[in-house]
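Below is one structure, written out as C-alpha cells, with a few remarks after it.
The chains referred to below are lettered A, B, ... by the order of the sequence lines, with proteins before strands, and numbering in each begins at 1.
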Amino acid sequence: MNRREFLKFAGATSLAAAFPVRSAFAGAQPHVVVVGGGVGGATFAKYLKMADKNIKVTLIEKNPVYIRPYGSSEVLTGHIQMKDLDVTYDALKSRYGVEMLIDTVVGFDPDKKTVSTAGGKSLAYDRLIVSPGIELKYEAIEGYSEAIANTKVPSGWIPGAQTQLLADQIKSIPKGGTFLLVAPPNPYRCPPGPYERSALVAEWFKKHNPTAKVLILDPKDAFVTDTTMQQGWNRLYGYKMPKSFEEKFVEELRKFKVFSAQEGVDALYAKGILKRNSGPSMISWVTGKEGGRVLKLDAANMTVEAENGVHKADVINIVPPMVAGTIAQKMGLTDKSGWCPIKRESFESTVHKDVHVLGDSSIADAMPKSGFSANTQAKVAALAVAASLKGQQPGIPSWENTCYALAGSDYGFFVADVFALKEGKITNVSGHRYLPLNASEAQIRLGAVYQQAWMKSFTDDCFA
Amino acid sequence: MLSRPLLALAGALALVVGTASAAPIATGEMLANSCAGCHGTNGRISNSAFMPLAGMPQEQFVRTMTDFREGRRSSTLMGHVAKGYSDEELKAMAAFFASVKP
C-alpha cells in the first residue's frame, strides 16, 4: 500500500480528520507525536520530555500494556511467566507528562504534517517519530501463515499468545522428541535470540526430558555471538564444535595472545576452552552451507523441508524473515530493502522531512536490531529533535549496544559495541565485541547475573 | 537536582575547560545517556547488580573507566565498552555524572 492508498484508507475515518487541530503556530508549544510505544518510542518520549518538558509529546500505541520482547524466551522454560513481560505506560504519563493515546494510526499526510487514527482523531505534529518494530513475513516460507503461527507452529518473535502456546507445546513434547527452530536470514531483531532460545529449551530438556533434542535449521553460516554461544552449548549440552569454528577459536586466542603460535586445536581441549564430547549432542545447528535453508512447512504432518532434506519434529518454532513494521511501510518510509533509510545524526527519515524512524525499522548500519540499539537511537533522536525545535543543528551523536545472551540460566555472555559516526556511517569504535573465549567461570556467571539485572534496569530506563 | 539543560551545560563546560583536543566530541549528556540502559537514567539506580554512577566523583569515574580500558582492572563487559571512549569523552561523561544528585 503506497502513501496515497494509505491516505484514502484514512478517509474512511471521522470528519475530524479534515479539521486537524494545529498546535504549531509560531511561539506555540511544539507538538511531537510518537507512533509506537515499544522501546524506541517510549525511550524517545521520556528523554524528549527530560530534555525539554515544555514540548507536548503524544505517544500513540495500539496496546494499553507493552509486552517486552527482550527476555521473552525465558517464558518458554518457566523461568518467568507471561505477566512478567508486561510493562505499563503509567510512569511515562505521571512522571514525565507524556500524553498516551491508545489507538491505531490509519492516515498520514506529510505535507500537512498530520496523522489520523482509527479512533477518529487527527493530530498535527511538528515532528513525527515512527518506531513500529518489525513485521514478520510468515508467508515467505511456503506453507506458513499467521493463522498457522497462532494455532500450531508458533513464532513468538513478537511476544504474546504465540509465546504461551510455544511454552505449552515444549512441555508436551514426548520423551526423546524434537524441538525444531527455523532461524531467520539477516537482518532480523535480536541477533543472538534464536540461538539463546535453543539453548534455554535444551536446558529445560536436560532437567525434564533429557533425551529430547533441539534442531536448528539456518540459512546463515554465522551469527552474532556464534563462538561464545557454541562454546556454551559445548560445555552444557554435549555439542561438538564444528571444525571451522575450532579454527576460529584458535585464531582468536592467538590474536589475544592467550595461545602461542604453536598451540592449536588440541590446546582448546587440553586447556578446557572446549569439552571433548563423545555422546550425542542435545543441540544440532545445520548451517546454510550444510543445507539448513528452509523451503517449506507442512504443518499438518509437522515436517519442514530444508535444502538438506525433510525434518520431522514434535514442536516447530519458526522465526520468519522480517521487515520494518507495517505502519512504516504504509507511510512510505521504507526503501526496497523493506527497512527505513535515515540520517544518522538525528534518525530523520531521508524520505519525509520532520519524520524520524527509530529502532528495528531503521537502517542503522553496524547497529544490531535490538532493544538496546533502539534505546540509544531514541536518545540521540530526542536530543536532535529538542535542538531542532529550537532551530539548532543536532549535536555529535554517540550510541551503544549491549545484547546479553544466555546459554543456560547461569551461563551468560554478550555482544557489546560503542558506536560513533565515521564517514557518514554508524561504526563500531570499541573493537572486540564478545566475551573472551578464555573467560573465567566467574565472568560467565556474572554475565548471567547482569543479564537478569538488565531486564529491570533497561525496562526502567525506557519506561519509568 | 540540576535540570537537564544545566547538566548539559556542566558537561559542555567541562569539555571546554578539560580538553585541548582539536577533534570535537559529543556532550557529556549524549555520551552518558548510553550508560543508562544498565546503570539507570542519569546513572541513578538502587538494589541492582549495576554500579550507580550518579554523583560519582569525576576523578573516580575517569580512573575506573581508564583502568577498564587499559586492562588494569578485569571486567566482564566494561572493558569492552571503555575501549570505545577517548580520555576527553570519559572526562565529559564523568563531569555529567558528578553533577547529578545521587
Side-chain angles (χ1 to χ4, degrees), chain A residues 39 43 46-47 49-53 371-372 375-376 378-380 382-384 386 394-402 404 412-421 428-436 439-440 442-447 449-454 456-458 460-462 464, chain B residues 1-9 11-12 15 21 23-54 65 68-69 71 73-86 88-90 92-93 96 100:
Chain A
V39 164
T43 306
K46 168 176 162 174
Y47 273 77
K49 276 292 196 180
M50 282 166 56
D52 186 348
K53 64 179 186 314
F372 206 121
N375 169 280
T376 58
K379 291 165 179 174
V380 165
L383 290 177
I396 295 171
S398 175
W399 304 267
E400 257 183 56
N401 176 64
T402 296
Y404 285 104
F413 45 93
F414 55 82
V415 53
D417 303 271
V418 178
F419 297 102
L421 199 55
N428 167 306
V429 291
S430 49
H432 189 68
R433 313 169 71 200
Y434 305 113
L435 187 70
S440 67
Q443 284 173 307
I444 287 164
R445 180 158 171 75
L446 271 176
V449 169
Y450 292 145
Q451 185 267 0
Q452 289 291 292
W454 180 83
K456 180 175 188 325
S457 65
F458 183 72
D460 285 352
D461 186 44
C462 303
Chain B
M1 172 200 158
L2 287 174
S3 69
R4 270 256 155 178
L6 278 177
L7 285 171
L9 183 63
L15 179 68
S21 165
I25 62 166
T27 63
E29 180 189 26
M30 173 74 80
L31 295 162
N33 278 349
S34 288
C35 310
C38 298
H39 293 271
T41 303
N42 287 332
R44 289 198 191 94
I45 197 164
S46 57
N47 196 21
S48 172
F50 298 115
M51 177 68 81
L53 303 174
M65 287 298 282
F68 278 136
R69 190 181 65 194
R73 177 169 170 172
S74 84
S75 68
T76 302
L77 180 141
M78 279 313 300
H80 291 63
V81 172
K83 283 188 179 67
Y85 299 106
S86 67
E88 288 74 17
E89 287 170 327
L90 292 179
M93 291 158 111
F96 177 87
V100 180

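- For chain B, the nearby part of A:Phe414 is the side chain; its heavy atoms alone come within less than 4.5 Å.
- Proximity of a side-chain donor or acceptor of B:His80 to a complementary backbone N or O of A:Asp417 within less than 3.5 Å is not detected.
- Taking OG1 from B:Thr41 and NZ from A:Lys379, the interatomic distance works out to 6.5 Å, rounded to the nearest 0.5 Å.
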**A:Tyr47 vs A:Leu383, side chain to side chain contact (heavy atoms under 4.5 Å, CB included): CA-CA, chis, key distance, verdict** = CA-CA 8 Å; A:Tyr47 273 77; A:Leu383 290 177; over 6 Å; no
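- Contact annotation for A:Phe372: only side-chain heavy atoms (C-beta onward) come within less than 4.5 Å of a heavy atom of chain B.
- Contact annotation for B:Ile45: only side-chain heavy atoms (C-beta onward) come within less than 4.5 Å of a heavy atom of chain A.
- Neither the backbone nor the side chain of A:Lys53 comes within less than 4.5 Å of any heavy atom in chain B.
- Looking only at distances, a side-chain donor or acceptor of A:Lys46 sits under 3.5 Å from a matching main-chain atom of A:Ala464.
- Residues satisfying the salt bridge (charged side-chain N to carboxylate O under 4.0 Å, His left out) test with A:Lys456, not counting sequence neighbours, are A:Asp460.
- For A:Tyr404, the part lying under 4.5 angstrom from a heavy atom of chain B is the side chain only.
- Remark: the backbone N or O of A:Glu400 is paired with a side-chain donor or acceptor of A:Thr376 at under 3.5 angstrom.
- If you measure heavy-atom distances from A:Thr402 to chain B, the contacts under 4.5 Å come from the side chain alone.
- Within the 4.5 angstrom heavy-atom criterion, atoms from both the backbone and the side chain of A:Trp454 approach chain B.
- With respect to chain A, the highest number of heavy-atom pairs below 4.5 Å among B:Ala49, B:Gly37, B:Cys35, B:Gly40 belongs to B:Gly37.
- With sequence neighbours excluded, the residues satisfying salt bridge (charged side-chain N to carboxylate O under 4.0 Å, His left out) with A:Arg445 are A:Asp410.
- Interface remark: B:Ser75 contributes backbone atoms only to the contact with chain A (heavy atom separation under 4.5 Å).
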